[in-house]
Amino acid sequence: RESLTKYYGCVLPDDGDVLDLCSSWTSHYPKNYKAKRCAALGLNALELLANPSKTEWTVQNLNKDPTLPYDDNSFDVVTNSLSA
């Protein structure tokens with residue numbers, strides 16, 4: 001986890017728009033990282049509420065509906081980590 005957080009610290013854009021797919025209670029972003037927009041999409045509303053990185057969240061099962069609820073080209077970076 002520490003290595004992933006360090007990596008994100010090097011590659012996530014300052015003040016950018018980030019989509020965290022298959023998100024949960026954490027996005028593994030650096031503690032002080034603040035995106036202009038951080039959309040967390042996951043399966044569990046309570047876990048998404050606890051995620052300190054997000055500025056917005058959506059509950060959606062991508063296995064049942066793989067269509068993302070966002071406009072094309074609306075994010076600078078998409079992350080998807082530790083999802084099984």
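Atom set for the values below is all heavy atoms of this structure, side chains included, hydrogens, waters and symmetry mates excluded.
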**side-chain contact (heavy atoms from CB on, under 4.5 Å) assessment of Leu62 paired with Leu68** = CA-CA 8 Å; Leu62 294 174; Leu68 297 176; 3.8 Å; yes
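- Rounding to the nearest 0.5 Å places CG of Leu19 at 7.5 Å from OG of Ser74.
- Under the 3.5 Å distance criterion, the side-chain polar atoms of Gln60 are matched with a main-chain donor or acceptor of Thr67.
- With Tyr33 contributing its side chain and Pro13 its backbone, the two residues share a donor-acceptor pair below 3.5 Å.
- Counting non-hydrogen atoms of neighbouring residues, nucleotides and ligands closer than 6.0 angstrom, the OH atom of Tyr70 exceeds 12 such neighbours.
- Between the side chains of Asp20 and Ser23, at least one donor-acceptor pair of N or O atoms lies under 3.5 Å.
- The neighbour count for Asn61 CG, taken as heavy atoms of other residues, nucleotides or ligands under 6.0 Å away, is above 12.
- A donor-acceptor pair is defined here as one N or O able to donate and one able to accept, closer than 3.5 Å; no such pair exists between the side chain of Lys34 and the backbone of Asp15.
- By the rule that hydrophobic residues join a cluster once side-chain heavy atoms approach within less than 4.5 Å of another member, Trp25 and Leu46 end up as members of separate clusters.
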Residue pair Val59, Asn44: steps toward the side-chain contact (heavy atoms from CB on, under 4.5 Å) verdict | CA-CA 6 Å; Val59 174; Asn44 185 305; over 6 Å; no
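- To the nearest 0.5 Å, atoms OG (Ser81) and CZ (Arg1) are separated by 9.5 Å.
- Heavy atoms only, all atoms of each residue included: Val18 and Ala35 are closest at CG2-CB, 4.1 Å.
- With 3.5 Å as the limit, one finds a donor-acceptor pair spanning the side chains of Tyr29 and Thr79.
- Contact record, Lys54 with Leu49: NZ-O, 3.3 Å, taken as the closest heavy-atom pair.
- Not a single donor-acceptor pair under 3.5 Å links the side chain of Ser24 to the backbone N or O of Thr26.
- Under a cut-off of 6.0 angstrom, the local environment of CD in Glu56 is crowded, with over 12 non-hydrogen atoms contributed by other residues, nucleotides or ligands.
- In Asp65, the CG atom is crowded: over 12 heavy atoms of neighbouring residues, nucleotides or ligands sit closer than 6.0 Å.
- One side chain, Ser27 or Asn51, offers a donor N or O that lies under 3.5 Å from an acceptor on the other.
- Under the 3.5 Å distance criterion, the side-chain polar atoms of Asp76 are left unmatched by any main-chain donor or acceptor of Gly16.
- Remark: Phe75 CZ to Cys38 SG distance equals 8.5 Å, nearest 0.5 Å.
- Checked by atom type and distance alone, the side chain of Thr58 never pairs as donor or acceptor with a backbone atom of Leu41 at under 3.5 Å.
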